[in-house]
Amino acid sequence: MARNDGIDRTVARNQDLETPADVAKVQEHNEREKDSYSNQDIVPERTSMNIHFKAPTDDYVKIFEQMEQDGVISTRGLKPDAVKYGELIFDVNSAYFYNHGGYEFAKQFYADAYKAAVEIVGGEQYILSAVMHADERNRAMSEALGEDVYHYHLHVVYIPVVEKQILWSKRCKDEALRGTVKETITQVSRSKKWDSKPVLDENGNPMLNAKGKKILKSSYSVLQDDFFNFMRNAGYTDVERGERGSTEEHLTVTQFKVQAEQQRLEAVTGQVAQAEQSLEETKAATAKQKKKLEALQKETKTAKTVALTVQDIEAMGKKATFGNNVVLTPDECDTLKHYAVNGIIAKADNQKLKEKLASAEKTVSIWKQRYDTLLEKYQELKKKAQPYLDALEVASERVRAFLDVVLSRGKETQEHKQSVRRRGHDMEH
């Protein structure tokens, strides 16, 4: 997610599709199967611009079932509630594509990102659908820039698989085959696909902690690394990796929406501040011009030529001997020119300043209204999400407390067993 710091970051998220309902919901969204959407940022007129790098040949679940029947994948030994589907979402902040030309650049970027997805998944045959969305409007940027800006991103629905070796059992009649590889299958396994990987040193050896155990790296952190490195190698050297340890690697839908609304709120707050600054500058310019006008008026009152009254001006000039022309003396002509020029300039300057002031006040009013509306929406969403976030935090503390108890008991049990062994050993001697 963008942090408004001018840095463009790659983001790769992985989410489990745990139930058939989850799979159906994702399919409806990705393939735009609905007639209408609650997400007001989806622009149906642009849906035809979405790009499929791999279009589904059927319903996601039916494709899975057919692959299983054809022996492409195996669910042997899986529990009934095992996770069989996953979705990768590849993303970069909207400003990155906007600054590089928009749609055409996004198409090429995600064509290369799809190649990364194929490597990460382990083969194109395990991808059910891969589609770039080009029809979702970035509301915050659109409002800030005064033009439509779209958020390009890639959805990849896949089957998590690993290669599994099936060995000959001890009951095999041929002793030479026992324990050897009988066959290698493509096993559907979310847990093994996203198992944590050991951290390697500069020599490629696993690094160990103080207790001699391998230091493990989160599989989702590895995913971020793999996507970033692939895009860098593909020539996109002006992007950075998503921040390490950030919650964007593990965001829930609720958390993601809260953070998105918070960022929109920050963006609008910045626009309000800019509008207010512009208003203050306009007011200052108006006050400055007013002082100039007052000074000019004061100056003209003290000047000889300003002592003239309206009647004096009307009395200027003498009728010519012939015709209807009026003859002015040189002094009278200069005086009238002076008044006319100053009057026209002052009137024009005052009108411009009035228009600028009115425009600035209108802009501030609009941004304040947007700010108030967005603040109310953000507070409402945060209020709804707070019980869930609080529960998640409490649950994490309980999990840590539970693990501490288990480890403590395990240590006591181990020490007890060692004590018993020592006593037995002493008795034997």
Side-chain angles (χ1 to χ4, degrees), residues 1-4 8-13 15 22 24-53 87-107 109-110 113 129-157 242 247-248 251-272 366-385:
M1 286 163 44
R3 286 168 179 74
N4 299 322
D8 301 311
R9 293 182 173 88
T10 60
V11 178
R13 296 195 298 275
Q15 65 177 11
D22 293 333
K25 190 174 181 180
V26 166
Q27 180 176 322
E28 283 184 344
H29 175 79
N30 291 1
E31 308 305 330
R32 295 297 192 248
E33 295 177 344
K34 293 183 178 181
D35 294 328
S36 61
Y37 296 88
S38 58
N39 183 354
Q40 298 179 354
D41 295 327
I42 294 177
V43 182
E45 291 77 13
R46 283 179 60 96
T47 297
S48 61
M49 298 176 68
N50 292 347
I51 303 294
H52 270 96
F53 298 107
E87 182 182 31
L88 296 172
I89 302 175
F90 297 116
D91 196 1
V92 181
N93 46 289
S94 301
Y96 179 66
F97 298 107
Y98 178 82
N99 293 331
H100 285 76
Y103 180 67
E104 293 300 328
F105 179 82
K107 281 200 302 185
F109 181 91
Y110 285 118
S129 172
V131 57
M132 180 193 87
H133 282 170
D135 59 354
E136 293 184 27
R137 184 172 174 269
N138 185 319
R139 194 186 314 176
M141 279 193 66
S142 298
E143 291 175 354
L145 297 178
E147 62 179 291
D148 286 334
V149 178
Y150 294 92
H151 180 64
Y152 303 102
H153 55 282
L154 176 65
H155 292 269
V156 180
V157 178
T247 55
E248 65 190 16
L251 282 180
T252 64
V253 174
T254 304
Q255 289 170 314
F256 182 85
K257 286 184 177 180
V258 170
Q259 287 198 12
E261 289 301 322
Q262 187 173 12
Q263 286 187 352
R264 288 190 62 228
L265 181 62
E266 291 173 355
V268 174
T269 302
Q271 294 292 336
V272 171
I366 292 172
W367 278 109
K368 281 187 175 179
Q369 185 178 1
R370 291 179 181 176
Y371 172 83
D372 292 339
T373 301
L374 188 56
L375 179 60
E376 182 180 354
K377 182 178 178 182
Y378 168 67
Q379 294 294 352
E380 182 181 350
L381 180 58
K382 186 176 180 182
K383 184 178 179 181
K384 289 180 180 179

Decide yes or no on salt bridge (charged side-chain N to carboxylate O under 4.0 Å, His left out) for E28 and K25, but give the supporting numbers first. CA-CA 5 Å; E28 283 184 344; K25 190 174 181 180; over 6 Å; no

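- Checking Y103, F53, F97 one by one against F109, the ring pair (Phe, Tyr, Trp, His ring centres under 6.0 Å) holds for a single residue, F97.
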From CA spacing to verdict: salt bridge (charged side-chain N to carboxylate O under 4.0 Å, His left out), R32, E45: CA-CA 12 Å; R32 295 297 192 248; E45 291 77 13; over 6 Å; no

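- With hydrogens and angles ignored, the 3.5 Å screen pairs a side-chain donor or acceptor of N50 with a backbone N or O of A134.
- The side-chain hydrogen bond (donor to acceptor under 3.5 Å, both in side chains) with D41 is formed by just one residue from the set R137, R139, H151; it is R139.
- Environment of CD in E33: crowded, with over 12 heavy atoms of neighbouring residues, nucleotides or ligands closer than 6.0 Å.
- Across all their heavy atoms, M141 and A95 have their closest contact at SD-N, 3.8 Å.
- No close placement of the Y152 and Y110 rings is indicated, their centers lying 6.0 Å or farther apart.
- To the nearest 0.5 Å, atoms CG (D8) and OG1 (T10) are separated by 10.0 Å.
- Remark: the D22 side chain and the Q15 side chain contain no N/O donor-acceptor pair separated by less than 3.5 Å.
- Here the NE2 atom belonging to H133 is positioned 5.0 Å from the NE2 atom belonging to H29, to the nearest 0.5 angstrom.
- Between the NE2 atom in H153 and the CZ atom in R13 there is a gap of 8.5 Å [rounded to 0.5 Å].
- Between Y150 and V43 there is a side-chain heavy-atom pair separated by less than 4.5 Å.
- Checking side-chain atoms of D135 against main-chain N and O of M49 turns up no donor-acceptor pair under 3.5 Å.
- Closest approach of M132 and A106 over heavy atoms only: SD-O, 3.7 Å.
- The structure places CD1 of I51 at 11.0 Å from CG of L154, a figure rounded to the nearest 0.5 Å.
- Aromatic rings from Y96 and F105 are positioned such that their centres are separated by under 6.0 Å.
- The NE2 atom of H155 lies 5.0 Å from the CG atom of N30; values are rounded to the nearest 0.5 Å.
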